[in-house]
Amino acid sequence: MTSERYNAREAEPKWQTIWDERELFRTRNDDPRPKYYVLEMFPYPSGRIHMGHVRNYAMGDVVARYKRARGFNVLHPMGWDAFGMPAENAAMANKVHPAQWTYANIATMRGQLKSMGLSLDWHREVATCDPSYYRHQQRMFLDFLSAGLVDRKTAKVNWDPVDQTVLANEQVIDGRGWRSGALVEQRELTQWFFKITDYAQDLNDALDGLERWPEKVRVMQKNWIGRSEGLSVRFALDAATTPSGETEVEIYTTRPDTLFGAKFIAIAADHPLARAAGARDQALADFIAECKRTGTAAELIEKAEKKGYDTGIRAVHPFDPSWTLPVYVANFVLMEYGTGAIFGCPAHDERDLEFANAYGLGNTVVVCPAGVDPAGFVVTDKPYVEDGLLVNSRFLDGMTTAQAKDEVARRLEAETRGNAPVGRRKVNFRLRDWGISRQRYWGCPIPIIHCDACGALPVPLADLPVKLPDDVTFDVPGNPLDRHPTWKHVACPQCGAKARRETDTMDTFVDSSWYFARFTDPWIETSPTDRGAVDGWLPVDQYIGGIEHAILHLLYSRFFTRAMRKTGHAGVDEPFAGLFTQGMVVHETYKGPDGAWVSPAEVRIESDGAARKASLLSNGGTVEIGPIEKMSKSKKNTVDPDDIIGTYGADTARWFMLSDSPPERDVIWTEEGVQGAARFVQRLWRLTGELATLAAPVGTAAPAAFGPEALAIRKAAHRALIRVEEDVERLRFNRCVAHIYELSNALSAAIGAVTTETRPADVAWAFREAADILIALVSPMMPHLAEECWQALGHDTLVADTRWQEPDRALVVEDTVLMPVQVNGKKRAELTIARDASNDVVEAAALALEPVQRALEGRPVRKVVVVPQRIVNVVG
RNA sequence: GCGGUCAUGGCGGAAUUGGUAGACGCGCUAGCUUGAGGUGCUAGUUCUUUAACCGGAGUGGAGGUUCGAGUCCUCUUGACCGCACCA
């Protein structure tokens, strides 16, 4: 009955329809079972899904289906991160409206995802570009504004000259726009900011509690937040050297212990004191201008050598009125960090040493490594930056670094000048507020009205949503909202005079900062979230996505959830309890005879013994096989999921994506690999057919006793069950696959050993049990094939709707164990012995073995180490 | 420069967390089957010696701890990732 090949093309849509009709994956918020929320990062509707999506969603689906089988009420939704630049670029290139382009892409991609057979609750689908979604985002923006979490300020911002918009700091990578790749410029603009820095401390500290996050991501976020503890110190200025009434400069340091090693003060080019000094010194003004010029491209700053200019101003050392330090304007000091001014201690800071050496400022060692004679300890071109004991530092001498830091802080906090302490302990963060204004059309409008008389006012709640106008043009660069003839003209909600709408839209990362909350009740119209639903479902138990969002999306979402809590829209701080970052899908690259990239679909690969040769399918031209790289359109090394699903079926694609590599590592897509997966699909189908003829009917009562053959079959099945369970829980899908292969190999062997004629009842029962377990194990990974097999095994239920079987752990415990016997650490023999044999018995049996005696070569036995049920080591 | 991860057959990778290294898959070799050439089955596949058994070596390299190290420690080489004037 199952002699023919399994036909995925027929079976897969059939089962998808059946799941759909039975609403198997529709999740209800009032379901009393314990909740489990599994979520994969939602896609941008770029047009078609790619293999990275297949891998990501296959992993999530395994977890979702497994947890469902374990009796959880699983929430596994899908939506679309639908605002963004590509829609506008398409509009410009093809004269199609961004909305039309986006919704057409969504329709295509929804169909592709459905063909994968994912256990998604499509009733909860959301698209962030839909007013029914972004109206709530506007509402939250206004709530955040009332709660003091939104700021409007003029600031130096990152300007992407290609995309013609502002970018957040997180979106600038190596000085370039994260999307356009263009060198980012610095511009002064008035922008809306989310005050993520209000939560800097909490965002930092709470990382320690995220135990189910990859260490790597936590470290990256910590570095990005950049918390440092230090001291700000007000240095008095020598009045005779000061241009126009400035009396002091405040610096920030994390090394107050090295204050007696100070050689200079350095201030940023845009520091007020620098500006004042520049006003009376043309050469200095030129230098400042030069610093600012190089300051437009972040990439250049990093490569620039350290340059400074002596302002002539002298600062007075806080512990010695007779000691003055030169004040330099320096190109490496950033106005944005700390106070925009530092003191330089060349002996103990790399940068300061480079600067001091360039300008002949010398250095004094004030920290000496413990156990080293200070007299001979000098610094020339490499500073000593570690902790140690203080020297050359008056009252600090002999103290440790920590003691000295504390002592300096204590003394300077106690000392006052002009009624304020000279020193203040201060915690500084690298994290900046999140600038969310974007000068683009295809985004969520910022619900603000600007009135010349009343200022920037919130749009009244009753007027939400502020909808994007449909009639826009993209024929000229810039923001279509800004040049729309009518859209921005409104009456001031306060005085009624003519006023203007804010024409900036929100960063699309705002859209993705709360979609996981909206999924918990996407139907509610009166507020962004239903508190019962959001508090019941959050945090997401398992979130799966790419590492590229380690700081962007994953940090913004953590902030946004806190802000939602503050404004009453959620009851938790952390959105994602468990995070998994999966690796990429990579593929060989190919270059044709003309040196142009060639797609895998156009290439024929032939094996010549161990060597592989590639040629063009069209004309046999020589193709050069290049390095394995991330699938990208530019290198043409992509494989279209539609083609794979059309040729092999979704199950084969899913199985291969899960089988080859550990999920956190990159997986190499190969034709041989897919074919191997496809072979297993057919093999499993044939094996199921054989098992169906050998197995006892569904519902047969277990026999009273099992013979050795039956027991062996049962052990193999339950061992696989235990192992797969353990590995799915830890998302080690490649190991799950190996365990399933092992079980099917074992069952094939068992079938070979038992003929139909001599099949006893206990063996038939064991085959029934093992077959059911095998298919249940396969079902989260290859759900369609599993249903087909489940049916072939005589079930009238769905395997997708079947509870996970509890393994019988006692079954896999053997009566006898096989212990390797080593002599001096080298394995010489094996010993099969009763599991509960005493160490004495094991030792005697081991020593009696002939290969052991041979290896001892007559030497006396000095010691025998017996690790029960593990190993014996004879030392002789 | 700083921080992190990793290094195991021809390839992807396993290894009960200090206890038989190479599970499982791919590829390859031989034979059978099918049949004409993307099927199935059987056997083999770390290297080396051997007809075979028995041996010897072996987890990037050099040391160390231990009865025992792919796993722990020190040094070193290489690859990848993140951050990069953050005071």
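Values below: all heavy atoms of this structure, side chains included; hydrogens, waters and symmetry mates excluded. What you are looking at is a predicted structure, and each value in this text was computed from that prediction instead of being measured. Order of the sequence lines sets the chain letters (A, B, ...), proteins ahead of strands, with each chain counted from 1.
- An OP1 or OP2 oxygen of B:A87 is reached within less than 4.0 angstrom by no side-chain nitrogen or oxygen of A:Arg430.
- Contact annotation for A:Arg432: no contact, since no heavy-atom pair falls under 4.0 Å across all strands.
- OP1 and OP2 of B:C6 both lie 4.0 Å or more from every side-chain N or O belonging to A:Arg665.
- Using a 4.0 Å heavy-atom cutoff across all strands shown, A:Tyr648 reaches at least one base atom of the nucleic acid.
- Here A:Tyr252 lies in heavy-atom contact (under 4.0 Å) with a base.
- At a threshold of 4.0 angstrom between heavy atoms, the contacts of A:Gln675 include nucleobase atoms, whether or not backbone atoms are also involved.
- A heavy atom closer than 4.0 Å to some atom of RNA chain B occurs in A:Lys863, A:Val865, A:Val867, A:Arg870, A:Ile871, these being the qualifying members of residues 862-871 of chain A.
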Any protein N or O atoms within reach of nucleotides 79-82 of chain B? Criterion: under 3.5 Å, listing atom names and distances.
residue, atom, partner, partner atom, Å
B:C81, O2', A:Lys216, NZ, 2.7

Give every pair of a protein N or O atom and an N or O atom of nucleotides 34-37 of chain B that lie under 3.5 Å apart, one pair per line with the distance.
none

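- The separation between A:His587 atom NE2 and B:C11 atom C1' is 15 Å, rounded to whole Å.
- Side-chain nitrogen and oxygen atoms of A:Arg686 include at least one within less than 4.0 Å of the OP1 or OP2 phosphate oxygen of B:C41.
- For the OP1/OP2 pair of B:C41 and a distance below 4.0 Å, the side-chain nitrogens and oxygens of A:Arg679 include no atom meeting the criterion.
- Among the protein residues, A:Arg604 comes within range of no part of the nucleic acid, since none of its heavy atoms lies under 4.0 Å from any strand.
- Across all strands shown, A:Thr254 has heavy atoms under 4.0 Å from sugar-phosphate atoms exclusively, and none from any base.
- Residue contacts for A:Val874: at a heavy-atom cut-off of 4.0 Å it reaches no nucleic acid atom on any strand shown.
- Base contact: A:Glu830 has a heavy atom under 4.0 Å from a base atom.
- For B:A23, neither phosphate oxygen OP1 nor OP2 lies less than 4.0 angstrom from any side-chain nitrogen or oxygen of A:Asn745.
- Residue A:Asn734 is in sugar-phosphate contact alone, with no base atom involved, counting any heavy-atom pair closer than 4.0 Å across all strands shown.
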